[in-house]
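Just so you know, these numbers come straight off a predicted model, no measurement behind them.
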Amino acid sequence: MSERYDSIVVGGGLLGAALAWMLAREGARVALLERDQLNQHASGQNAGSLHFQLEYRMVEHGWESARTAAEAMPLHLEAAREWAALGDELGESLGVAQQGGFMLAETAEQVEVLRRKTALEQEWGLDVRLLDGEEARRLAPYLSDSVLAAAFCPLEGKADTRIAGPALARGALRLGAEVRTRTEVVDLVPAGSGWAVHAVERSDAGERMLRLEADTVMLAAGVWTTRLGQLLDVSLPTIPLALMMSVSAPTAPFVPHLVQHAGTKLSLKQTGNGTVLIGGGWPARLPLAADGTPELDRRPTLLQSSLVGNAAAAIGVVPRTASLPIVRSWVGTTTVTPDQLPLVGQVPGRPGVFVATGGSAFTLGPSFARSLIALADGRPPGIDLHPYDPARFERLSHARR
């Protein structure tokens, strides 16, 4: 006998929890299925940056790439509004602090990158302005004298990854949603006007098979998106990335902003308990199978070169970090798409199945969730989702044949 729901959400990170809460808030009967534990993977392992400016990885490969990445700006603008209101709507803190963010330049070449980047972002409506080094240090006296210029966005900030996803999941539970952990989806098949989700539920007592039915299915599974697409016989191409982060011992507050760099991988912020989180995209080593595909169920390993490079980038622009003891370094996984734009929309040829992943996924989680729910309800979303349509890769594949 199948259990019946209005919607089944696959994935228990920030996006999945947000979807479950928002759907339950609208009166839907919802089940959230998570293969491991809530917030165990990318949503709980990243540094919690709320990036609304284009990141270094989006500008490092030239301006064609940057212009493509900027097409996601409507999602970023909506996310900035969502994060500002989300805790109040939920009635529970998500650890959000939006006190502004800098992207820094230390060379004339990087200053030009900032100039062009800022102009591009302003065209899309982002509140961002270019400051010279002295102006930046007046706002942020912790910055090094080597900083020649900075792009400042007052919307940027951070959320607490330890509490944001779980808080949204608790909100969903309070509204009657069901949350099932250690429950892995193994098949997705049409069932009447909706979908049947076959899953394996694991416990200390063993395993049992589940069959759940729903009108809609929301795929919010991050690095497992491509695998879920294979169950549907649809290409949802994603590229998993393993990225390292470090955290310092607590110290007195001195960095209220999010700090990025225009010429190297860096993301730096101070948490509410005084620790300083340092990351920004330095790679770790993903374990690979014999055929060269990433083994997502195994833990990535840290690379010494990334630890050293990330520390050097931080010390170069925020010298005080040199004296802070690092107490832990770890690896989180995330996913991007081949064209760097997110996937947001209905899965091609599979009415009732929706997906969102890629881009700055943690930052964009709330706007992803709002957009998918609007699509599922047959309402126009607040922004044009065409550039993020999952079908674009199928169209590209057909065009190449």
Side-chain angles (χ1 to χ4, degrees), residues 1-21 23-24 28-45 165-166 168-170 172-173 176-192 194-238 240 286-291 293-300 332-335 343 347 350 352-357 361 372:
M1 190 75 175
S2 298
E3 299 175 67
R4 182 78 193 180
Y5 301 88
D6 297 312
S7 190
I8 293 171
V9 177
V10 183
L14 179 103
L15 172 58
L19 280 163
W21 171 64
L23 286 162
R29 187 175 183 220
V30 184
L32 185 154
L33 310 181
E34 163 56 46
R35 70 193 305 278
D36 294 307
Q37 297 296 331
L38 293 178
N39 212 45
Q40 180 175 332
H41 296 292
S43 293
Q45 297 297 320
L168 288 162
R170 286 192 296 272
L173 287 167
E178 295 181 22
V179 175
R180 302 186 184 211
T181 58
R182 301 180 66 184
T183 303
E184 182 177 2
V185 173
V186 294
D187 205 3
L188 292 158
V189 295
W195 289 86
V197 178
H198 298 264
V200 178
E201 184 180 64
R202 299 182 173 92
S203 69
D204 294 342
E207 298 182 352
R208 69 178 182 124
M209 290 296 301
L210 302 176
R211 176 186 165 97
L212 298 83
E213 293 188 6
D215 298 325
T216 61
V217 177
M218 304 288 185
L219 305 183
V223 295
W224 285 276
T225 298
T226 298
R227 286 189 187 177
L228 291 171
Q230 290 167 351
L231 298 180
L232 294 161
D233 196 27
V234 173
S235 175
L236 297 174
T238 60
L286 273 172
L288 301 178
D291 63 359
T293 58
E295 293 192 321
L296 301 176
D297 299 318
R298 292 174 55 200
R299 188 183 298 274
T333 55
T334 189
T335 188
L343 292 176
V347 173
R350 304 295 181 265
V353 183
F354 301 88
V355 64
T357 194
L372 292 192

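- Atoms CG and CG, from L23 and L372 in turn, are 9.0 Å apart once rounded to the nearest 0.5 Å.
- Looking only at distances, no side-chain donor or acceptor of T183 sits under 3.5 Å from a matching main-chain atom of E201.
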Task: Residues R4, D215; criterion salt bridge (Lys or Arg N to Asp or Glu O under 4.0 Å); working and verdict - done: CA-CA 9 Å; R4 182 78 193 180; D215 298 325; 2.4 Å; yes
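- Note that OG1 of T181 is 8.0 Å distant from CD of E34, once rounded to the nearest 0.5 Å.
- Interatomic distance, L188 CG to L231 CG, rounded to the nearest 0.5 Å: 5.5 Å.
- In summary, R182 and D204 engage in a salt bridge, as defined by a charged side-chain N under 4.0 Å from a carboxylate O.
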- [ ] Carefully, step by step, assess Q45 and T333 under the rule side chain to side chain contact (heavy atoms under 4.5 Å, CB included).
- [x] CA-CA 8 Å; Q45 297 297 320; T333 55; over 6 Å; no
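- With respect to T226, the side-chain hydrogen bond (donor to acceptor under 3.5 Å, both in side chains) criterion is satisfied by exactly one of T357, T293, T238: T238.
- The heavy-atom pair separating L210 from R180 by the smallest distance is CD1-NH1, 3.4 Å.
- Here the straight-line distance linking atom OG of S7 with atom CZ of F354 works out to 8.5 Å at 0.5 Å rounding.
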- [ ] Could you walk me through whether M209 and V186 pass the side chain to side chain contact (heavy atoms under 4.5 Å, CB included) test, one step at a time?
- [x] CA-CA 10 Å; M209 290 296 301; V186 294; 4.0 Å; yes
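- The distance from the CD atom of E213 to the CZ atom of R211 is 4.5 Å, given to the nearest 0.5 Å.
- Among all heavy-atom pairs drawn from P240 and L296, the shortest one is CB-CD2, 3.9 Å.
- Between G165 and A17, the shortest heavy-atom contact is O-CB, 3.5 Å.
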Open item on the list: Could you walk me through whether Y5 and V197 satisfy the side chain to side chain contact (heavy atoms under 4.5 Å, CB included) test, starting with their C-alpha distance in whole Å, then the side-chain angles of each, then the deciding distance to 0.1 Å, before giving a yes or no?
Closed with: CA-CA 11 Å; Y5 301 88; V197 178; over 6 Å; no
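- The two atoms that bring A214 and I8 nearest to each other are CB-CG1, 3.6 Å, heavy atoms only.
- The heavy-atom pair separating R29 from D6 by the smallest distance is N-OD2, 2.6 Å.
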Open item on the list: Please evaluate residues V9 and V30 with respect to the criterion side chain to side chain contact (heavy atoms under 4.5 Å, CB included), reporting the C-alpha separation (whole Å), side-chain torsions for both, the decisive distance (0.1 Å), and the verdict.
Closed with: CA-CA 7 Å; V9 177; V30 184; 4.1 Å; yes
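- Heavy-atom minimum distance, G12 versus L32: CA-CD2, 3.8 Å.
- A search for side chain to side chain contact (heavy atoms under 4.5 Å, CB included) contacts involving R35 returns E184, W224, R227, D297, not counting sequence neighbours.
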